[in-house]
Amino acid sequence: MAKKTSFASAKNPSQPAEVPLEKAYESQGVEGRIYAAWEKSGYFNPDKLPSQLTKKTAKPFTIMMPPPNRTGILHVGHATGIALQDIMIRFERMRGKRSLWVPGTDHAAISTQVKVEQMLIKEGIKNPRVELGREKFLERVIAFAEDSGKTIVSQTRSMGASCDWSREAYTFDSPRNAAVVEMFRRMSEDGIIERGNRIVNWDPQFRTTLSDDEVLTKEVKAKFLTFSYDKNFPIVISTTRPETKFGDTAVAVHPDDPRYRKFVGKAYEPVFCGKKLRITVIADKAVDPAFGTGALGVTPAHSMIDSEMAERHGLPTVQVIGEDGRMNETAGPGYAGLTVAEAREKIEKSLADAGLLQKVEEVAQNLPVAERGGAPVEQLPMQQWFIRVNKPFKLRQNTLGKWKKGQKATLKQLMAEAVRSGKTDIVPEQFNKVYFHWINNLRDWCISRQIWFGHRVPVWYRGGEQKVSDVSPGKGWEQDPDTLDTWFSSGTWTFSTLGWPKKTPDLKEFHPTDVLETGRDIIFFWVARMVLMSTYALGEVPFKTVYLHGLVRDEQGRKMSKSLGNVLDPRELAGKYGTDAVRLSLIIGLSPGADTKLGEEKIASYRNFTNKLWNISRFILMTTGGVHAPKSRPLPKTLADTWLLGRLDATVAAVTKDLETFSFSHAGETLRDFTWGDLADWYLEIAKIEGGKDAVLSFVLDAVLKLWHPFMPFVTEEIYQRAFIGGAKAKKGAEFLMVMPWPKAKKSDMKSVDKDFGVLRDVVTSLRSIRATYRVEPSKKIDATLVSAKSAALLKKHAVVIASLARVEKLDVLAKGKQPEKTVGDVVSGVSVFVPLGALVDMGAERERLAKELAEIEKYVESLGRKLENADFVSRAPAQVVTGEREKLAAAKDKAAKIKEQIAALE
RNA sequence: GGACGAUUAGCUCAGUUGGUUAGAGCAUCUCGCUUACACCGAGAGGGUCGAAGGUUCGAAUCCUUCAUCGUCCACCA
């Protein structure tokens with residue numbers, strides 16, 4: 001033990017030399033130092049991994065970190081993702097794969113711009129974009145994004161993320177910009193990016209289009225008006241948006257509606273609030289005859305559905321609301337310039353005055369609002385860039401093993417095939433349905449945005465000409481002022497991060513990536529778009545597995561939000577409890593796709609566990625001296641040794657399988673049960689008694705630290721350094737637990753060993769329970785007699801262990817024997833346990849207790865008996881089950897008989 | 001309106017293809033500073049597995065209906 005040297009404890013001169021670890025684990029002093037050492041080693045980069053770990057045949061394992069938005073700091077949701085990804089990466093790295101985890105951040109276009117705009121308004125600049133102008137405004141946004149990016153990177157490091165910083169990427173840096181431009185160019189050439197005049201979601205507040213996914217619905221109360229355009233118009237219609245009626249070009253009814261059949265096909269020119277309309281009555285199945293009056297005013301310019309109807313019937317489009325969210329000149333006289341709300345009020349009044357208004361009802365309405373800013377979204381026809389998802393195009397390469405180069409397919413088909421074929425697997429699987437449902441209802445994707453922060457649409461105009469290029473094609477050319485939807489660039493994430501469009505070695509080795517781990521809320525926004533981009537550009541899926549985690553909520557199940565003040569900052573938590581504890585609390589108790597509640601109490605309990613592991617190690621090191629990791633599996637000397645090694649094998653096998661199948665929570669629980677229960681509570685206590693355990697203890701500690709390392713990288717690395725490696729003396733390529741090989745499980749039949757150990761454990765527990773029930777002082781030793789025909793030899797052999805663990809002075813083990821006087825008894829695992837307690841025994845109470853126990857066991861015997869007498873059960877149930885039930889019955893009968901004996905002895 | 005998910009001890013959740021007298025952690029109660037750990041140890045109490053039917057030799061597990069909660073999608077103009 002004196003030879004123990006440790007580079008870390010050298011900093012702690014007050015520590016006695018013979019104690020290798022301090023009494024409690026203090027994370028603060030450890031994490032920064034360890035992370036810096038890891039990073040310096042270069043092992044986060046798969047190209048620099050030690051060759052003895054990644055043999056020449058090693059496969060790659062790749063994860064692209066979902067780039068956090070540069071809109072602020074990371075929250076616990078990000079921390080969950082980082083923890084899960086780091087577990088996978090560390091696990092696969094230790095298994096010898098060339099593990100690559102590419103970190104990065106997302107410029108997040110509209111989110112970031114809105115955020116900065118709001119900050120500037122707070123600073124007192126009323127209309128930042130107008131006052132500052134494009135260039136100055138963008139400077140502010142870029143500066144903010146820069147700061148946010150730095151914070152995010154430092155937070156990611158402090159979470160212990162073993163990602164390859166040498167490959168760090170940003171969706172708005174120049175390699176990614178090159179990918180965006182190339183993607184745009186190819187899609188334009190293939191005719192799937194087109195400019196067109198279509199109905200888009202328009203945010204009048206930020207004056208930009210929004211994708212369908214950037215629009216939320218908010219329930220509001222609205223007035224539902226029922227009226228006719230004018231006195232001569234024969235049909236009554238209803239709407240919550242009378243102001244759009246200036247743009248009506250038809251009235252639609254259901255083809256089978258007898259009330260209106262006679263009007264279908266006729267044209268009218270009613271005067272609506274002073275404006276002459278040209279209305280055709282059309283029949284369309286989309287109309288619900290039971291709703292309202294069964295007749296619908298069709299406004300092709302301001303409703304997606306009406307626009308589709310207009311297309312079917314060849315109706316003209318009349319726009320009456322402008323980009324400023326106000327009525328335009330096409331609206332009725334005296335309406336131009338009014339806001340939508342003002343116009344609505346005025347129309348209601350005008351209709352009422354004219355006696356046209358039949359009914360005003362208050363209804364609940366789902367109002368579309370902008371995700372950012374919350375302003376009501378208008379639907380307007382506009383010139384925008386679209387990705388056509390239903391248009392067949394010629395494939396540039398063989399695709400998904402289904403299509404050959406030159407064949408035609410649509411983007412929608414590619415997106416569906418990726419998941420349908422199983423090339424991409426979604427975990428948990430119920431999200432497959434959600435994915436397909438979304439794909440089936442997918443409309444063309446509007447990719448242009450009228451905001452400034454983002455990739456500029458790489459299109460230049462001169463006269464009627466158009467060119468795709470990221471730089472000016474020459475004099476007289478003007479670039480499109482719009483920018484691209486942020487998901488256009490992040491859609492390329494899995495391969496633009498590997499150098500695409502260049503044919504790099506990285507791209508060849510690491511794509512498709514293995515796992516995409518992300519929040520279940522962005523399956524459409526992002527996951528589907530990556531599938532689109534990757535299948536289009538490379539002909540292959542972007543990732544083999546999508547693992548979705550749920551939302552982290554507060555203790556009461558509420559979403560964490562700044563306004564509620566219930567946001568947990570991962571930095572604060574990590575400072576208080578240690579990063580390892582935070583990681584565990586975000587992984588154990590979570591199932592994929594399901595939301596989770598997180599409170600500080602839970603984190604504290606995992607902090608306790610990190611300390612437990614620390615102290616287990618401390619004890620083992622005090623016993624063994626540490627320094628060198630064991631080279632080979634030790635030979636077990638006692639039952640406890642065999643049992644523990646068997647339990648370790650089972651644990652290694654279970655944890656490995658769990659990690660392979662994304663059952664992270666279960667892996668953690670299994671590992672904790674082994675570590676705390678089997679190892680600490682039982683084996684270490686026995687080791688104190690039996691002694692001579694150095695080899696087994698070292699071996700098990702080595703394995704346990706490796707198994708825990710993906711979950712708790714810091715504390716395990718620190719212990720490993722100080723227990724086995726000894727700092728500077730380490731061999732090249734073996735200086736870190738991080739690059740040690742993952743433990744292997746030996747297969748062996750442990751049934752009888754587990755059973756024998758179970759008997760010992762049950763007997764000890766029984767004795768302890770008797771002591772507690774009868775309030776025997778812990779310091780006072782008792783006598784005990786164990787009687788068992790079957791287990792006498794086993795019990796005798798381990799009498800010392802049993803006696804020590806249960807604090808027994810004189811332990812008699814008999815194959816057959818009589819119950820001593822004045823004893824308390826119990827029956828466990830076929831062993832009769834007797835403890836003479838003399839005057840302490842209350843004969844009456846004891847008789848009652850035994851009687852109660854007997855009644856229970858007899859009830860059980862009876863139910864088993866009935867089951868076994870049932871001919872149907874015996875003939876239909878599998879033989880194995882029947883045998884099992886017979887064994888149970890025999891054991892229960894035996895126990896009942898023994899309890900009866902004990903009762904008799906009390907007489 | 002549609003789809004999906006959840007409902008198991010006071011709380012958070014496990015329960016693999018139906019075969020346990022239904023488990024764990026936290027919390028609670030009792031006892032304990034037994035030289036790794038009080039961020040600990042030992043012991044104990046606590047559940048008619050949301051409700052009602054059904055299938056089966058056997059249901060927490062499968063089916064039907066209902067209730068409550070949650071999420072997503074679509075929206076009726």
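For clarity, every value in this text was computed on a predicted model and none was experimentally measured. What's counted below: heavy atoms across the whole structure, side chains too, no hydrogens, waters or symmetry copies. So that the names make sense, note that chain A is the first sequence line, chain B the second, and so on, each numbered from 1.
- The distance between atom CG of A:Asp673 and atom P of B:C26, rounded to the nearest whole Å, is 11 Å.
- Per the geometry, CZ belonging to A:Arg618 stands 14 Å off C1' belonging to B:A38, to the nearest Å.
- Pairing each heavy atom of A:Phe436 with each of A:Ala416, the nearest pair is CE2-O, 3.6 Å.
- A:Asp658 is linked by a salt bridge (charged side-chain N to carboxylate O under 4.0 Å, His left out) to nothing, counting only residues two or more places apart in sequence or in another chain.
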Can you check nucleotides 2-13 of chain B for protein contacts, nitrogen or oxygen pairs under 3.5 Å, and list what you find?
unit_1: B:U12; atom_1: OP1; unit_2: A:Lys597; atom_2: NZ; d: 3.0

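- Along RNA chain B, the nucleotide closest to A:Arg768 and the one closest to A:Ser605 are compared, and the more 5′ of them pairs with A:Ser605.
- Partners of A:Lys602 under the salt bridge (charged side-chain N to carboxylate O under 4.0 Å, His left out) rule, at least two apart in sequence or in another chain, do not exist in this structure.
- Contact annotation for A:Glu685: base contact, defined as any heavy-atom pair under 4.0 Å involving a base atom.
- Nearest to the side chain of A:Arg443, among B:C75, B:A77, B:U21, sits B:C75.
- Nearest nucleotide to the side chain of A:Glu601, out of B:G41, B:A36, B:C26: B:C26.
- Between the CZ atom of A:Phe609 and the P atom of B:G41 there is a distance of 11 Å, given to the nearest Å.
- Residues A:Phe711 and A:Trp708 place their aromatic rings such that the two centres sit under 6.0 Å apart.
- When the side-chain nitrogen and oxygen atoms of A:Lys23 are compared with OP1 and OP2 of B:C39, none of them lie within a distance under 4.0 Å.
- The separation between A:His549 atom NE2 and B:U71 atom P is 17 Å, rounded to whole Å.
- When the side-chain contact (heavy atoms from CB on, under 4.5 Å) test is applied to A:Thr244, the partners found at least two apart in sequence or on another chain are A:Arg241, A:Thr299, A:His302, A:Ile321.
- A distance of about 50 Å separates the C1' atoms of B:U34 and B:G5, rounded to the whole Å.
- Within the 4.0 angstrom heavy-atom criterion, only backbone atoms of the sugar-phosphate kind lie near A:Arg775; the bases stay farther away.
- Of all heavy-atom pairs spanning A:Met309 and A:Ile282, the tightest one is SD-CD1, 4.4 Å.
- The residue A:Lys859 sits apart from the nucleic acid: no heavy atom pair falls under 4.0 Å.
- Between B:C72, B:A36, B:A77, one nucleotide has an atom nearer to the side chain of A:Phe224 than all others, and that is B:A77.
- If you take atom C1' in B:G25 and the same atom in B:G15, they sit 15 Å apart, rounded to whole Å.
- Counting only heavy atoms from C-beta on, A:Met622 has its side chain closest to B:A36 among B:C75, B:A36, B:U21.
- Atom CD in A:Gln365 sits roughly 15 Å away from atom C1' in B:A74 (whole-Å rounding).
- A:Asn441 has no side-chain polar atom (N or O) that falls below the 4.0 Å cut-off from OP1 or OP2 of B:A74.
- Between A:Lys245 and A:Ile237, some side-chain heavy-atom pair lies under the 4.5 Å cut-off.
- Side-chain proximity of A:Ala772 to B:A24, B:C39, B:G43: nearest is B:G43.
- A salt bridge links A:Lys888 with A:Glu885: the distance from a Lys NZ or Arg NE/NH1/NH2 to an Asp or Glu carboxylate oxygen falls below 4.0 Å.
- Annotation: B:G32 and B:U71 have their C1' atoms spaced 48 Å apart (nearest Å).
- Separating the C1' atom of B:U7 from that of B:A51 is a span of 11 Å, rounded to the nearest Å.
- Of all heavy-atom pairs between A:Val215 and A:Pro368, the closest is CG1-CB, 3.7 Å.
- Taking atom P on both nucleotides, B:C13 is separated from B:A6 by 13 Å, rounded to a whole Å.
- If you check every strand for non-hydrogen atoms under 4.0 Å, A:Lys688 touches a base.
- Here the C1' atom of nucleotide B:U71 and the CD1 atom of A:Ile523 are 13 Å apart, to the nearest Å.
- Ring centroids of A:Phe246 and A:Phe272 are separated by less than 6.0 Å, placing the two rings close together.
- If you check every strand for non-hydrogen atoms under 4.0 Å, A:Asp288 touches a base.
- Note on A:Trp438: every side-chain N or O is 4.0 Å or more away from OP1 and OP2 of B:A74.
- Using a 4.0 Å heavy-atom cutoff across all strands shown, A:Ile857 reaches at least one base atom of the nucleic acid.
- Among residue pairs with one or both ends in residues 670-680 of chain A, those qualifying as salt bridge (charged side-chain N to carboxylate O under 4.0 Å, His left out) are A:Arg647-A:Asp678; sequence neighbours excluded.
- Within 3.5 Å, no donor on the side chain of A:Asn611 pairs with an acceptor on the base of B:C37, nor the reverse.
- Here the separation of B:C62 from B:C26, taken at their P atoms, is 30 Å to the nearest Å.
- Straight-line distance between the P atoms of B:A36 and B:U28: roughly 27 Å, to the nearest whole Å.
- A salt bridge links A:Glu348 and A:Lys223; the closest N-O separation between the charged side-chain nitrogens and carboxylate oxygens is under 4.0 Å.
- Distance from the side chain of A:Tyr860 is smallest to B:U21 among B:C75, B:U21, B:G43.
- For A:Pro289 and A:Glu26, each mapped to the nucleotide of RNA chain B holding its nearest heavy atom, the one lying further toward the 5' end belongs to A:Glu26.
- B:A44 atom P lies 14 Å from atom OH of A:Tyr774, rounded to whole Å.
- Using a 4.0 Å cut-off between charged side-chain N and carboxylate O, A:Arg866 and A:Glu862 make a salt bridge.
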Just the dot-bracket of RNA chain B, please: which string comes out with Watson-Crick or G-U pairs under 3.5 Å, [ ] for crossing, | for another strand? (((((((..((((.....[...)))).(((((.......))))).....(((((..]....))))))))))))....
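- Listed nucleotides: B:U20, B:A77, B:G41. Nearest to the side chain of A:Lys888: B:U20.
- Taking atom OH of residue A:Tyr606 and atom P of nucleotide B:A24, one finds them 15 Å apart after rounding to whole Å.
- Phosphate contact (OP1/OP2 of B:A77, side-chain N/O of A:Lys245, threshold under 4.0 Å): absent.
- Closest approach to the A:Arg553 side chain among B:U71, B:C75, B:C72 is made by B:U71 (side chain taken as heavy atoms from C-beta onward).
- Counting any heavy atom pair closer than 4.0 Å across all strands shown, A:Asp681 reaches sugar-phosphate atoms only and no base atom.
- Distances from the side chain of A:Ala24 to the nucleotides B:G19, B:C39, B:C40 place B:C39 closest.
- To the nearest whole angstrom, the two P atoms, one in B:U61 and one in B:U17, are 13 Å apart.
- Between A:Thr765 and B:A42 there is no side-chain polar atom (N or O) within less than 4.0 angstrom of OP1 or OP2.
- Within 4.0 Å (heavy atoms only), A:Ala290 reaches no atom of the nucleic acid at all.
- Side chain of A:Phe619, nearest nucleotide from B:A36, B:G19, B:A44: B:A36.
- Two residues are said to be in side-chain contact when any heavy atoms from C-beta on lie closer than 4.5 Å; A:Asp826 and A:Glu853 meet this criterion.
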